[in-house]
Amino acid sequence: MRRIWQSIKSLWKGKWGFRIALLYLALLLLLALVLPLLHLPYAPNYLDLQHPFLAPFTATAMESGHPLGTDGLGRDLLANVLFGARTAFLISLPVMLCAALVGMVLGTTAGYFGNRGLQQPLHRILRWVLSTPLLLYYGLYLPLKLYSWESGYRHVLLSFGLLLGLLILLWLLSEGLQRWFPYWRKAVAIPVDKGVMRLTEALTSIPRFVLILVLASFIPPSLPLLSLLLVFTLWPAIARLSRAEMLRIRQLPYFEAAQSIGNRPARLIWRHALPNLAGPVLVAFTFGLGGLLALESSLSFLNIGVPTTLVSWGRTISSIRSNTSAWWLVLFPGGLLSLTVLALYTCSYYFNQAFSSKSSQ
């Protein structure tokens, strides 16, 4: 973290483009956080049916309190643009953080252990294999379904309780197997690298947009579902980057020295690999965040992204379908989206320059 902070300070002092981009992003994020506390003339979903398709900066627009105009239902464009920024950040930041975390864990593990570095007894592998579908069904799918059906927290807690009971039962079963049958104590190598790489290749071979469209067609749009779909499709890129960096770090002399004196894998990865991994992952994070903002707006434009109760830039832009002469419905949300993506790509470009030059030294 110290290295990243020093790189940011160095870029802030020496690169005016980075300074402008970071300042813009910080102000936009601050505005998105404090927006509910600000007093706006209209709420984002308020329907002012007396002023549909009001052009911006006209006398009528200024008198009615809609300086940026309105859409076909009289919704204030200023409120929609500002709350659209809040929606974009509230979706994109947690999703990208989760995708980066999953990708770093899987990629680093694959790069460090390879195909023969991680050995586990058979009874423990059996426990993991059987636990995974239980976790996915009772810990993820069923609670989300119960939440969408508004069944109440009691049924969700019941699902988690059932999951806990089944996991305890599995643990007792595996402990009994290794105690009574010596065969289940045999340690075998787990091909972590091969498994992670085949999984990333399978996911990246399917176009992300098509996969989201197909999955979203079976389940109604909701914020948790959209977030899960995006995390599911975004982690492979960071996993491949983390794996490649981990393979490079493993060959460095300081890492081999730390390994030779008997440091445990967890300490080696946490103390010696992650500080060098964080820079390239930060580059991929900011670059991916820009792409995610554009993807979320595209999905909202097609009305398959966020629920209709949430305001988003893409949904605001889609209002122009009913009146193609209402240029302001594209200019303001589209301009803000383009500026935000440009600022993120600018930061990613300078981060890449800074960390590439330090790696080559």
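These numbers come from a predicted model, not from an experiment.
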Look up atom [atom1] in [X] and atom [atom2] in [Y], then write down how far apart they are to the nearest 0.5 Å.
X: Ser131; Y: Trp171; atom1: OG; atom2: CH2; result: 12.5 Å
X: Leu54; Y: Ser64; atom1: CG; atom2: OG; result: 5.0 Å
X: Leu337; Y: Glu296; atom1: CG; atom2: CD; result: 8.5 Å
X: Tyr24; Y: Ile20; atom1: OH; atom2: CD1; result: 13.0 Å
X: His272; Y: Leu252; atom1: NE2; atom2: CG; result: 12.5 Å

[X] versus [Y]: any side-chain heavy-atom pair under 4.5 Å?
X: Leu31; Y: Leu82; answer: yes
X: Leu134; Y: Leu170; answer: yes
X: Leu101; Y: Trp235; answer: no
X: Ser242; Y: Val281; answer: yes
X: Ser325; Y: Phe53; answer: no
X: Phe160; Y: Tyr138; answer: no
X: Phe89; Y: Leu28; answer: yes
X: Leu40; Y: Phe83; answer: yes

Suppose we screen for salt bridge (charged side-chain N to carboxylate O under 4.0 Å, His left out). Which residues come up paired with Arg75, at least two apart in sequence or across chains? Asp71

Counterpart residues, salt bridge (charged side-chain N to carboxylate O under 4.0 Å, His left out), relative to Arg271 (two or more places apart): none

Honestly curious: do [X] and [Y] fall in one hydrophobic cluster under the side-chain, below-4.5 Å linking rule?
X: Leu130; Y: Leu135; result: yes
X: Tyr42; Y: Leu77; result: no
X: Val129; Y: Leu163; result: yes
X: Leu122; Y: Leu118; result: yes
X: Tyr141; Y: Val102; result: yes

Heavy atoms only: give me the nearest Gly72-Pro52 pair and the separation to one decimal.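 Shortest heavy-atom separation between Gly72 and Pro52 comes out as O-CB, 3.3 Å.
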
For Arg19 against Lys13, the heavy-atom pair lying closest together: NH2-O, 3.3 Å

Is it the case that the side chain of [X] and the backbone of [Y] share a donor-acceptor pair, with hydrogens and angles ignored and the cut-off at 3.5 Å?
X: Arg243; Y: Gly107; result: no
X: Arg315; Y: Leu310; result: yes
X: Ser348; Y: Val283; result: yes
X: Arg185; Y: Pro121; result: no

Below 6.0 angstrom between ring centroids: does that apply to Phe18 and Tyr349? no

Is the NZ or CZ atom of Arg248 positioned over Phe255's six-membered ring, under 6.0 angstrom from the centre and within 45° of the axis? no

For residues 112-121, pull every pair meeting side-chain hydrogen bond (donor to acceptor under 3.5 Å, both in side chains), keeping only residues two or more places apart or in separate chains. Gln120-Arg124

Any pair counted as side-chain hydrogen bond (donor to acceptor under 3.5 Å, both in side chains), so long as it reaches residues 251-261, sequence neighbours left out: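 Every side-chain hydrogen bond (donor to acceptor under 3.5 Å, both in side chains) pair that includes a residue of residues 251-261, provided the two are not neighbours, is Tyr254-Asn276.
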
Is it the case that atom [atom1] in [X] sees more than 12 heavy atoms from other parts of the structure closer than 6.0 Å?
X: Trp327; atom1: CH2; value: yes
X: Phe57; atom1: CZ; value: yes
X: Phe301; atom1: CZ; value: yes
X: Arg198; atom1: CZ; value: yes
X: Phe287; atom1: CZ; value: no

For Ser92, side-chain contact (heavy atoms from CB on, under 4.5 Å) partners two or more places apart: Leu289, Leu292, Leu293

Partners meeting side-chain contact (heavy atoms from CB on, under 4.5 Å) with Thr204 (sequence neighbours left out):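 Per chain and number, Thr204 pairs via side-chain contact (heavy atoms from CB on, under 4.5 Å) with Pro236, Arg240.
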
List the steps, then state whether side-chain contact (heavy atoms from CB on, under 4.5 Å) holds for Val34 with Leu30. CA-CA 6 Å; Val34 303; Leu30 180 65; 4.3 Å; yes

Identified side-chain hydrogen bond (donor to acceptor under 3.5 Å, both in side chains) counterpart of Ser312 within the set Ser300, Ser318, Ser297: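 Looking at Ser300, Ser318, Ser297, the match for Ser312 under the side-chain hydrogen bond (donor to acceptor under 3.5 Å, both in side chains) is Ser300.
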
Can you label the angle between the His51 ring and the His66 ring as parallel, tilted or perpendicular, going by 30° and 60°? tilted

Indicate whether the side chain of Ser205 and that of Glu201 have a donor and an acceptor atom separated by less than 3.5 Å.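 No donor-acceptor contact under 3.5 Å links the two side chains.
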
The test is side-chain contact (heavy atoms from CB on, under 4.5 Å); show your working for Phe113 and Ile190 and say whether it passes. CA-CA 9 Å; Phe113 289 108; Ile190 302 174; over 6 Å; no

